[in-house]
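Read through the structure below, which is laid out as structure tokens, and then see the notes.
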Amino acid sequence: MTSSFTTAAEHRGNTVLISFIGDLDAAAAPALYDVLPVLATDTGSDVLMLDLHQVSYMDTPGLLLLLDLHRRAECLGLRVLAVGWREQPQQLMATVAGIRGRGSATGERYALAGFRRLIETRAEHSTAAEAQAQAQAHSETQAQAHVPRPLVPHGTGVAERSPARASSAPPRY
């Protein structure tokens, strides 16, 4: 999984501005976590601004990465603002949160802690459900690959008895 996702960090007064560039998906994790040391060593800032203007695509794992970064920054005492939400990432957040309708302004709601927890919980459930569906499909594929074959080929003239019929026959005395 290769990602063209990058980040650019700069300090502006008491704010650390981190610009995200590229698709925010699971492959973006290394680049996203590279910003954590910058945040941990910065003692003069109290605001982290996440610039999403150049993120045109985000999937559920990417949303979870963003929420994780947000939580870690808050643990460092930073107030987090996410700005520049484009249509697809904002629509993904609305879908995950269960909000219907286009242009649901989820970017503005992102700043609310309760809304972030709702999104995070639903995104985790969505990811778990997808993983469970994939595991079930895989196990069904494996089960079909290991279906026992009959010992006597069909059409050989040898009479076959089903196990149910053999066990339900009355005993002979």
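Values below: all heavy atoms of this structure, side chains included; hydrogens, waters and symmetry mates excluded.
At most 12 non-hydrogen atoms from other residues, nucleotides or ligands lie less than 6.0 angstrom from CZ of Arg79.
Taking CG of Leu78 as the reference point, atom CE of Met49 lies at 12.5 Å (rounded to 0.5 Å). To the nearest 0.5 Å, the span separating CG on Leu65 from OG1 on Thr60 amounts to 11.0 Å. The CD atom of Glu87 lies 12.5 Å from the CG atom of Leu92; values are rounded to the nearest 0.5 Å. To the nearest 0.5 Å, atom NE2 of residue His70 and atom SG of residue Cys75 are 10.0 Å apart. Put simply, CG on Leu66 and CZ on Arg71 are 11.0 Å apart, with the number rounded to the nearest 0.5 Å. How far CG of Leu17 is from CZ of Arg12: 5.5 Å, rounded to the nearest 0.5 Å.
Using a distance-only test at 3.5 Å, with no hydrogens or angles considered, no donor-acceptor pair links the side chain of Gln54 to the main chain of Gly22.
With Leu69 as reference, Leu50 is the one residue of Leu64, Ile18, Leu50, Val80 to meet the side chain to side chain contact (heavy atoms under 4.5 Å, CB included) rule.
Nearest heavy atoms, Asp25 versus Asp59: CA-OD1, 3.2 Å. Across Asp23 and Ser56, no two heavy atoms sit closer than the pair OD1-OG, 4.1 Å. Of all non-hydrogen atoms in Asp34 and Pro37, the two that sit nearest each other are O-CD, 3.2 Å.
Residue Leu67 is grouped with residue Leu48 when hydrophobic side chains (ILVMFWY) are merged at heavy-atom distances under 4.5 angstrom, including chains of intermediate members. Under the 4.5 Å side-chain heavy-atom criterion for grouping Ile, Leu, Val, Met, Phe, Trp and Tyr, Leu32 is connected to Leu76 within one hydrophobic cluster.
Taking the side chain as every heavy atom from C-beta outward, Pro89 and Leu52 never approach each other to under 4.5 Å. By the 4.5 Å heavy-atom criterion applied to side chains, Ile21 and Thr7 are not counted as neighbours. Within the 4.5 Å cutoff, side-chain heavy atoms of Val47 are placed close to those of Leu81.
Within the structure, the ring-ring contact (aromatic ring centres under 6.0 Å, His included) test picks out the following pairs touching residues 8-58 (sequence neighbours left out): Phe5-Phe20.
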With salt bridge (Lys or Arg N to Asp or Glu O under 4.0 Å) as the criterion, how do Arg72 and Glu74 come out once you've worked through the C-alpha distance, each side chain's angles and the decisive distance to 0.1 Å? CA-CA 5 Å; Arg72 289 172 186 242; Glu74 284 183 333; over 6 Å; no
Between Trp85 and Gln91, is the side-chain contact (heavy atoms from CB on, under 4.5 Å) condition met? List the steps. CA-CA 10 Å; Trp85 290 95; Gln91 192 59 46; over 6 Å; no
